[in-house]
Amino acid sequence: MELCLLLSVFNLVPAKQLKTRLGILLHKPELGHEAESFSTSEQGTKLRNSSEEALEWKKSFDHLLKSKNGVARFHAFLKTEFSEENLEFWLACEEFKKSRSKTKLSSKAHRIFKEFVQNEAPKEVNIDHETREITQKNLTAATSSCFDAAQAKTRTLMEKDSYPRFLKSTSYQDLTEQATSHSTSKRLHT
């Protein structure tokens, strides 16, 4: 907590953002706790499938984003770096694009803008001023594409910055090691 105060004092991390992030860390269960209800063999199978699938995530950022497990693992990694807002925004935009109701479109757009895009938003994404303004103007006549520019910027940022760090992370390396050792042992037994 002292570190949080120190960071806040030196304006390295805004106090509002620290409070939000600390609250998330303290109150949300970690990924993986949901597996407690499975039997040991189910856990082993799930882990093996996940680790084998992890090898695909290295092929491209798109492979990672198309995988439910990949997104969950990437999100958990981003949380450790306190940078999950970009992925959460990208996912919110993907969900937003599926909206079919014109009446709900506008309210959803404003909610996403308020949470992620506007200055001093609780989960403000790192986009340039021009993109932020364009996105705000797009809200006047909200369509399913009103966040496209901002979403593209955050996707590029994740792909160029967070994704390479994720692939080098211990958690990802452990997963791929499990997959490699499992496939090696499979070949030896057949």
Side-chain angles (χ1 to χ4, degrees), residues 4 7-8 12-35 50 53-54 56-57 60-101 104-136 138-139 142-169 171-172 175:
C4 294
L7 290 172
S8 182
L12 295 175
V13 178
K16 183 177 175 183
Q17 206 172 16
L18 273 175
K19 182 180 176 187
T20 302
R21 289 179 174 177
L22 284 174
I24 290 169
L25 287 174
L26 293 173
H27 298 293
K28 283 200 173 182
E30 290 298 317
L31 293 173
H33 284 256
E34 56 198 46
S50 177
E53 182 184 11
E56 294 292 310
W57 306 338
S60 75
F61 190 52
D62 284 329
H63 277 85
L64 176 72
L65 292 177
K66 289 177 185 171
S67 162
K68 213 175 206 178
N69 288 331
V71 169
R73 296 281 184 152
F74 187 51
H75 188 255
F77 168 75
L78 292 174
K79 278 182 160 185
T80 66
E81 296 197 334
F82 300 104
S83 62
E84 69 274 11
E85 67 280 346
N86 288 331
L87 180 61
E88 290 175 7
F89 172 67
W90 187 86
L91 291 169
C93 290
E94 288 298 293
E95 193 60 35
F96 174 75
K97 289 176 185 177
K98 296 175 187 175
S99 299
R100 296 292 167 231
S101 167
K104 290 184 180 180
L105 206 61
S106 180
S107 65
K108 284 181 181 181
H110 281 84
R111 190 171 49 244
I112 291 171
F113 185 84
K114 218 175 196 174
E115 185 175 359
F116 296 103
V117 181
Q118 78 179 14
N119 285 324
E120 302 296 320
K123 296 179 180 182
E124 186 177 352
V125 291
N126 186 12
I127 56 174
D128 58 88
H129 179 70
E130 184 180 332
T131 304
R132 194 177 313 280
E133 281 188 1
I134 289 169
T135 305
Q136 187 169 13
N138 289 344
L139 293 183
T143 65
S144 60
S145 63
C146 66
F147 292 107
D148 283 359
Q151 185 184 21
K153 296 270 184 178
T154 57
R155 187 195 186 290
T156 300
L157 183 64
M158 288 188 295
E159 184 173 17
K160 302 286 185 225
D161 187 42
S162 305
Y163 174 63
R165 283 196 315 276
F166 170 69
L167 295 178
K168 292 176 185 171
S169 71
S171 60
Y172 179 75
L175 263 178

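Because only heavy atoms are used, hydrogens play no part in the values below, and waters and symmetry mates are left out as well, while side chains stay in.
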Worked verdict on Lys114 versus Arg111 for side-chain contact (heavy atoms from CB on, under 4.5 Å): CA-CA 5 Å; Lys114 218 175 196 174; Arg111 190 171 49 244; 5.8 Å; no
- request: Of all the heavy-atom pairs spanning Ala142 and Ser106, show the shortest one and how long it is.
  value: CB-CA, 4.0 Å
field: Nearest-0.5 Å distance that lies between atom OG1 in Thr80 and atom CZ in Phe166
entry: 10.0 Å
- request: Give, for atom NE2 of His110 and atom CD of Gln118, the distance between the pair rounded to the nearest 0.5 Å.
  value: 10.0 Å
- prompt: Under a 4.5 Å cut-off applied to non-hydrogen side-chain atoms, are Glu85 and Asn126 in contact?
  reply: no
task: Determine whether Glu53 and Ser67 make a side-chain contact, defined as any pair of heavy atoms from C-beta on separated by less than 4.5 Å.
output: yes
message: Let me confirm one number: the CG-CD distance from Leu91 to Gln151, rounded to the nearest 0.5 Å.
response: 9.0 Å
- prompt: Using 4.0 Å as the upper bound for N to carboxylate O, is an ion pair formed by Glu115 and Lys123?
  reply: yes
- request: Return the orientation label for the Phe147 and Phe89 ring planes: parallel under 30°, perpendicular over 60°, tilted otherwise.
  value: perpendicular
field: SG on Cys93 to NZ on Lys98, rounded to 0.5 Å
entry: 12.5 Å
statement: Closest non-hydrogen contact found for Phe96 with Ile112 is CB-CD1, 3.7 Å
- request: Taking the side chain as every heavy atom from C-beta outward, state whether Trp90 and Val125 have any pair of such atoms under 4.5 Å apart.
  value: no
- prompt: When rounded to the nearest 0.5 angstrom, what is the spacing between OG in Ser60 and CD in Glu159?
  reply: 8.0 Å
message: For Arg132 and Gln136: C-alpha separation, side-chain torsions, deciding distance, then whether side-chain contact (heavy atoms from CB on, under 4.5 Å) applies.
response: CA-CA 6 Å; Arg132 194 177 313 280; Gln136 187 169 13; 5.8 Å; no
query: Which heavy atom of Thr135 sits nearest a heavy atom of Ala150, and at what distance?
result: OG1-CB, 3.6 Å
message: Measuring only between side-chain heavy atoms, which start at C-beta, is Phe116 closer than 4.5 Å to Thr154?
response: no
- request: Working to the nearest 0.5 Å, report the span between CG of Asn86 and CD of Glu124.
  value: 10.5 Å
message: Between Arg155 and Glu94 (salt bridge meaning N to carboxylate O under 4.0 Å), is one present in this structure?
response: no
message: Using a 6.0 Å cut-off, check whether atom CD of Glu130 has over 12 heavy atoms from anything other than its own residue.
response: no
Heavy-atom side-chain contact between Leu157 and Ile127 under 4.5 Å: no
task: Please report the C-alpha distance between Phe61 and Phe74 in whole Å, then the side-chain angles of each, then the deciding distance to 0.1 Å, and finally whether the ring-ring contact (aromatic ring centres under 6.0 Å, His included) criterion is met.
output: CA-CA 10 Å; Phe61 190 52; Phe74 187 51; 5.8 Å; yes
- request: Work out which heavy atom in Ala54 is nearest to a heavy atom in Tyr172; give both atom names and the distance.
  value: O-OH, 2.7 Å
task: Examine the side chains of Glu81 and Ser162 and answer whether a donor and an acceptor come within less than 3.5 Å of each other.
output: no
Nearest heavy atoms of Ser144 and Leu105, plus distance in Å: N-CD2, 3.9 Å
query: Can you name the closest pair of heavy atoms from Leu139 and Cys146 and give their distance?
result: CD2-SG, 4.3 Å
task: Take Leu65 and Leu87, measure what side-chain contact (heavy atoms from CB on, under 4.5 Å) needs, and give me the verdict at the end.
output: CA-CA 10 Å; Leu65 292 177; Leu87 180 61; 4.1 Å; yes
- prompt: Can you check whether Arg165 reaches Lys168 side chain to side chain, under 4.5 Å on heavy atoms?
  reply: no
message: Please check if the number of heavy atoms outside Lys97 that lie under 6.0 Å from its NZ is greater than 12.
response: yes
